[in-house]
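To start, the structure itself, in structure tokens.
Here the structure is a predicted model, which means the values were calculated and not measured. Chain letters run A, B, ... following the sequence lines, proteins first and then strands; every chain starts at 1.
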Protein chains: 2
Amino acid sequence: MKIGELAERSGLTVPALRFYERKGLFGVGTVKRLGNNYREYDESVLETLDLIKKAQTAGFSLNEIDSLLGRYKVEGPNSPEIRAALTEKLKELDDRITDIMAVRNIVVEKLHKRKKPAGK
Amino acid sequence: MKIGELAERSGLTVPALRFYERKGLFGVGTVKRLGNNYREYDESVLETLDLIKKAQTAGFSLNEIDSLLGRYKVEGPNSPEIRAALTEKLKELDDRITDIMAVRNIVVEKLHKRKKPAGK
DNA sequence: CTTGACCCTAAAGTGTGCTTGAGGGTTGAT
DNA sequence: ATCAACCCTCAAGCACACTTTAGGGTCAAG
């Protein structure tokens, strides 16, 4: 599929997709070029984009996503460095979830507190 | 307490604290000025900073935090607009948690997958 | 009364994640 | 052949969250 269609299907903008590509977020072979130099995307890029979106929401920068995705593809799941990095990311995720739950509780509390904010 | 001590106790930098103040994140009365124009912070600012940090980790921008914190203080917990905004934030938080859990599951899966990444 | 560790303001600089603009080729329909 | 609707490559610009720089005051100790 071409970039316009991918933009529509992924919900991203055309320039954003080109930007991601320059960042190196798409694995080799996922973006080819047609005779007219137009980009031709593999269907699999949709999953990659979905992961990128979720990882971003999870608080990771494109660089972090890139290095994890890229190194993972190169070194595989058995590299001690990759395993260490993943373990660290897991800890970060858990910390983030803890913080989000804390904020969530505060919001819930404020929502439940009607009239007279004095409720020990 | 003065800004240097607050920086140490909060883990933030001195310029960051001044930046937050310009953004209006500290409620009235929490930052006074001494005779020499030095800032004098109320102890309560530590809790505010803690909330700000958590809300940031939860994915909210300083502007969002500011407007929610500020409007809440002015309009109280019973304003329909505040309740609507909080309800929306709650939805955002839940969506974010869902996304983080999805990323977490992917990381966990990759960590458990040793040798032979083929495990239907 | 100077030295060092503090504090102040205003303004410019930085990294991230894009968007916008300029200038131009390609494709398909009319 | 020309028009809209695509696509391309730079390069510059923008919002956010700070940091850094520049140029000064303040204060306790020696």
Side-chain angles (χ1 to χ4, degrees), chain A residues 1-26 30-43 45-46 48-70 89 92 96 99-100 103, chain B residues 1-26 30-42 45 48-70 89 92 96 99-100 103:
Chain A
M1 103 198 72
K2 283 182 288 178
I3 200 166
E5 189 189 339
L6 179 58
E8 256 191 62
R9 289 176 64 183
S10 67
L12 290 161
T13 66
V14 166
L17 290 169
R18 293 201 268 243
F19 175 79
Y20 285 178
E21 186 178 344
R22 276 207 309 286
K23 275 250 141 187
L25 288 166
F26 302 142
T30 56
V31 197
K32 293 180 179 106
R33 291 302 179 121
L34 298 171
N36 51 17
N37 201 33
Y38 287 10
R39 286 170 180 82
E40 172 67 21
Y41 293 91
D42 190 276
E43 290 283 327
V45 78
L46 283 164
T48 306
L49 288 174
D50 192 53
L51 175 57
I52 290 170
K53 276 190 228 169
K54 283 179 173 137
Q56 276 189 296
T57 306
F60 294 111
S61 70
L62 291 181
N63 285 340
E64 287 174 299
I65 296 168
D66 181 30
S67 77
L68 270 175
L69 236 59
K89 292 304 170 196
E92 281 179 47
R96 223 177 292 271
D99 278 3
I100 296 184
V103 174
Chain B
M1 105 197 72
K2 283 182 288 178
I3 200 166
E5 188 188 341
L6 178 59
E8 256 191 60
R9 290 176 64 184
S10 67
L12 291 161
T13 66
V14 167
L17 290 168
R18 293 201 269 245
F19 174 80
Y20 284 179
E21 185 179 344
R22 275 208 311 286
K23 275 249 144 188
L25 289 165
F26 302 142
T30 56
V31 196
K32 293 181 180 106
R33 293 300 180 121
L34 299 169
N36 51 18
N37 201 32
Y38 287 10
R39 285 170 181 81
E40 171 68 20
Y41 292 92
D42 190 276
V45 80
T48 305
L49 288 175
D50 193 53
L51 174 58
I52 290 170
K53 276 189 227 169
K54 285 180 172 133
Q56 276 189 297
T57 305
F60 294 111
S61 71
L62 291 182
N63 284 341
E64 288 174 301
I65 297 168
D66 180 30
S67 77
L68 269 175
L69 236 59
K89 292 302 169 197
E92 281 179 47
R96 223 176 293 272
D99 278 3
I100 297 185
V103 175

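Distance A:I65 CD1 to C:dC18 C1': 14 Å, rounded to the nearest Å. In this structure, B:L12 atom CG and D:dA17 atom P are separated by 14 Å, rounded to whole Å. A straight line from CZ of A:F60 to C1' of C:dG17 spans 17 Å, rounded to a whole angstrom. In this structure, B:E64 atom CD and D:dA17 atom P are separated by 9 Å, rounded to whole Å. One can place CD of B:E21 at 15 Å from P of D:dC18, the figure rounded to the nearest angstrom. In this structure, A:L25 atom CG and C:dC18 atom P are separated by 10 Å, rounded to whole Å. Straight-line distance from the CZ atom of B:F19 to the P atom of C:dG13: 17 Å, rounded to whole Å. As rounded to whole Å, 15 Å separates atom P of C:dA5 from atom NZ of B:K2.
Applying the 4.0 Å criterion to OP1 and OP2 of D:dT19, one finds that B:T13 has a side-chain N or O inside that range. Using a 4.0 Å cut-off, no side-chain N or O of B:Y20 falls inside it from OP1 or OP2 of D:dA17.
Contact between A:Y41 and A:E21 at its shortest, heavy atoms only, is OH-OE1, 3.8 Å. Between A:L46 and A:M1, the shortest heavy-atom contact is CD1-CE, 4.3 Å. Here the shortest heavy-atom pairing between B:V103 and A:A58 reads CG2-CB, 4.1 Å. Of all heavy-atom pairs spanning B:F26 and B:L17, the tightest one is CE1-O, 3.7 Å. Closest of all the heavy-atom pairs between A:T48 and A:L25 is CG2-O, 4.0 Å.
Side-chain proximity of A:S61 to D:dC18, D:dC7, C:dT16: nearest is C:dT16. Closest to the A:N63 side chain, of the nucleotides C:dT16, D:dT19, C:dT20, is C:dT16.
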Using a cutoff of under 3.5 Å, can you pull out all pairs of nitrogen or oxygen atoms linking the protein to nucleotides 8-12 of chain D, with atom names and distances?
{"from": "D:dC8", "atom 1": "OP1", "to": "A:R39", "atom 2": "N", "distance (Å)": "2.8"}
{"from": "D:dC8", "atom 1": "OP1", "to": "A:R39", "atom 2": "NH1", "distance (Å)": "2.8"}
{"from": "D:dC8", "atom 1": "OP2", "to": "A:R18", "atom 2": "NH1", "distance (Å)": "2.4"}
{"from": "D:dC8", "atom 1": "OP2", "to": "A:R39", "atom 2": "NH1", "distance (Å)": "3.4"}
{"from": "D:dC8", "atom 1": "O5'", "to": "A:R39", "atom 2": "NH1", "distance (Å)": "3.4"}
{"from": "D:dC8", "atom 1": "O3'", "to": "A:R33", "atom 2": "NH1", "distance (Å)": "3.4"}
{"from": "D:dT9", "atom 1": "OP1", "to": "A:R33", "atom 2": "NH1", "distance (Å)": "3.3"}
{"from": "D:dT9", "atom 1": "OP1", "to": "A:R33", "atom 2": "NH2", "distance (Å)": "2.9"}
{"from": "D:dT9", "atom 1": "OP2", "to": "A:R39", "atom 2": "NH1", "distance (Å)": "3.1"}
{"from": "D:dT9", "atom 1": "OP2", "to": "A:R39", "atom 2": "NH2", "distance (Å)": "2.8"}

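Within a 6.0 Å radius of CD in A:E8, other residues, nucleotides and ligands contribute 12 heavy atoms or fewer.
With salt bridges taken as basic N to acidic carboxylate O contacts below 4.0 Å, none links A:E5 and A:K2.
Contact check for B:R33 versus B:E40: no side-chain heavy atoms found under the 4.5 Å cut-off. For the pair A:I65/A:K23, no side-chain contact is recorded, criterion being any heavy-atom separation below 4.5 Å from C-beta on.
Against DNA chain C, the stretch residues 49-57 of chain A makes heavy-atom approaches under 4.0 Å through A:Q56.
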